[in-house]
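A, B, ... follow the sequence lines: proteins, then strands. Residue 1 opens every chain. Source: prediction; values computed, not measured.
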Amino acid sequence: MESNSLAHIGKIDIEAFRKDLLDWFTAEQRQLPWREDSDPYKVWVSEIMLQQTRVDTVIPYFLHFINKFPTIEALASADEEEVLKAWEGLGYYSRARNLQSAVKEVRDTYGGIVPSEPVDIAKLKGVGPYTAGAILSIAYGRPEPAVDGNVMRVLSRILLIWDDIAKPSSRKIFEAAVRELISHDNPSYFNQALMELGALICTPTSPKCLLCPVREHCAAFHQGEQDTLPVKTKKKSVKRLQMGAVVLKTDNGNYLIHKRPSKGLLANLWEFPNVELDSFGSHRKQLEEFLRLEYNVEAKIDNGLLTKIEHVFSHLVWNIDVFTGSVKDISMISEELRAVEEEELVQFAFPVSHQKIWKSYKESCLKD
DNA sequence: AACACGTGGTT
DNA sequence: TAACCAAGTGT
């Protein structure tokens, strides 16, 4: 990390590198909804959505979200339920809650103007070093580094940096590199160009070096190391949990749904009642016991599985056995449970696995 | 520092 | 198909 991580930076013709990179971006950049103007709020929303998420996935969510919450004021005054519903299916739901929290902070503390000072913007919830640099450079033209996975991959190759990019401590090496390389005439294009190059040309596998506008500046290309960089250690394998879930119909035709806790996995999203199962005894009995003890609900679980659903997260996998069942008396229903009509379900934000549960349930109803 | 935190596309 | 990947942040 040390001083020799950036040994190759002195060998680059920085002026020529900037020009080649910016000329390429000017000619080849994709037309994306968040590139139509540099409204700091829209830049902000796009950057949060793009965290760990593909451009093609984000586009429809961004269009809908900006249409529904066009301004900081609109988002700040919205119900959290509405915001989560607009985020449904995007994943990493704390992004949505942190974004709304930070937007309220901007309304209340900064007069509704996204702060343009690094120390201020970095305080906002959900705005880390990358997002701060992205907003500052793209919306305000400040020469701040915006180092994401693309930038680390691209610069590890151009500058032949062998540090492990999976280590948090490596990011500052790349920030130091960007501070030396960045165009002060157009920091916005420079940062976006580095990311666009990573997305379109300098890809994780099979980089398209023969199409690369800066290959003559690239140490890895000259040394034939483009396929060995970046160095990135592997993460450990995920844990598997056996879950049981149940679509529970009340005697007056409503369905029981549960709101998840405000912290942790899928926070504040709604779901069908579910619990981790052990391998001893009947899954039906375990579910009935869980419903009685946890929610004070006396339920009859039907014989036979409705379906099995696999829900893959970054760090774990749920194998969900899905049942159907009925409840007679919900007078003593617990707080986090709601009995809602079928038509009302669309108002609630569900994780993808529970959307699949409902879809499967509706398909099974058609057969009767 | 290491791990939690979603989802869908690719290899 | 299991593993990996994609414009990271919070704790």
Nearest heavy atom decides the nucleotide; on that basis, is A:Gly126 or A:Leu32 closer to the 5' end of DNA chain C?
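Result: A:Leu32.
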Working for side chain to side chain donor-acceptor pair (under 3.5 Å), residues A:Asp185 and A:Ser183:
CA-CA 5 Å; A:Asp185 293 332; A:Ser183 162; 4.8 Å; no
If you measure from the P atom in B:dC5 to the same atom in C:dA6, how many Å do you get, rounded?
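Approximately 23 Å lies between the P atom of B:dC5 and that of C:dA6.
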Sticking with atom P, work out how far C:dC4 lies from B:dC3, rounded to a whole angstrom.
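One P to the other, the span is 15 Å.
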Checking side-chain contact (heavy atoms from CB on, under 4.5 Å) between A:Ser156 and each of A:Thr228, A:Ile173, A:Asp164, A:Leu229, which is the one that passes?
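Exactly one candidate clears the test, A:Leu229.
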Salt bridge A:Arg338-A:Glu344, side-chain N to carboxylate O under 4.0 Å:
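Between A:Glu344 and A:Arg338 there is no salt bridge, as every charged N stays at least 4.0 Å from the carboxylate O atoms.
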Salt bridge check: are A:Arg284 and A:Glu289 linked by an N-O gap of less than 4.0 Å?
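Judged by the 4.0 Å cut-off on N to carboxylate O distance, A:Arg284 and A:Glu289 do not form a salt bridge.
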Atom-to-atom span, [atom1] of [X] to [atom2] of [N] - whole angstrom:
{"X": "A:Arg97", "N": "C:dT9", "atom1": "CZ", "atom2": "C1'", "value": "13 Å"}
{"X": "A:Arg171", "N": "B:dA1", "atom1": "CZ", "atom2": "P", "value": "11 Å"}
{"X": "A:Tyr61", "N": "C:dA6", "atom1": "OH", "atom2": "C1'", "value": "15 Å"}
{"X": "A:Asn98", "N": "C:dG10", "atom1": "CG", "atom2": "C1'", "value": "8 Å"}
{"X": "A:Ile135", "N": "C:dG8", "atom1": "CD1", "atom2": "P", "value": "14 Å"}
{"X": "A:Glu310", "N": "C:dA3", "atom1": "CD", "atom2": "P", "value": "12 Å"}

5' to 3', nucleotides 3-9 of chain B under a 4.0 Å protein heavy-atom cut-off (B base, S sugar-phosphate only, - none) gives SSBBBB-
Heavy atoms under 4.0 Å, any strand shown: does [X] hit a base, just sugar-phosphate, or nothing?
{"X": "A:Arg240", "result": "nothing"}
{"X": "A:Thr131", "result": "sugar-phosphate"}
{"X": "A:Arg35", "result": "base"}
{"X": "A:Lys125", "result": "sugar-phosphate"}
{"X": "A:Trp34", "result": "base"}

Expected output: side-chain A:Thr109 to main-chain A:Glu105 donor-acceptor under 3.5 Å
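Such a contact is found between A:Thr109 side chain and A:Glu105 backbone.
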Would a distance-only check, ignoring hydrogens and angles, find a side-chain to backbone donor-acceptor pair under 3.5 Å from A:Trp44 to A:Ile48?
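No: the side chain of A:Trp44 does not pair with the backbone of A:Ile48.
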Does some side-chain heavy atom of A:Ile121 sit less than 4.5 Å from a side-chain heavy atom of A:Ser116?
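When only atoms from C-beta onward are counted, A:Ile121 and A:Ser116 do not touch, as no gap falls below 4.5 Å.
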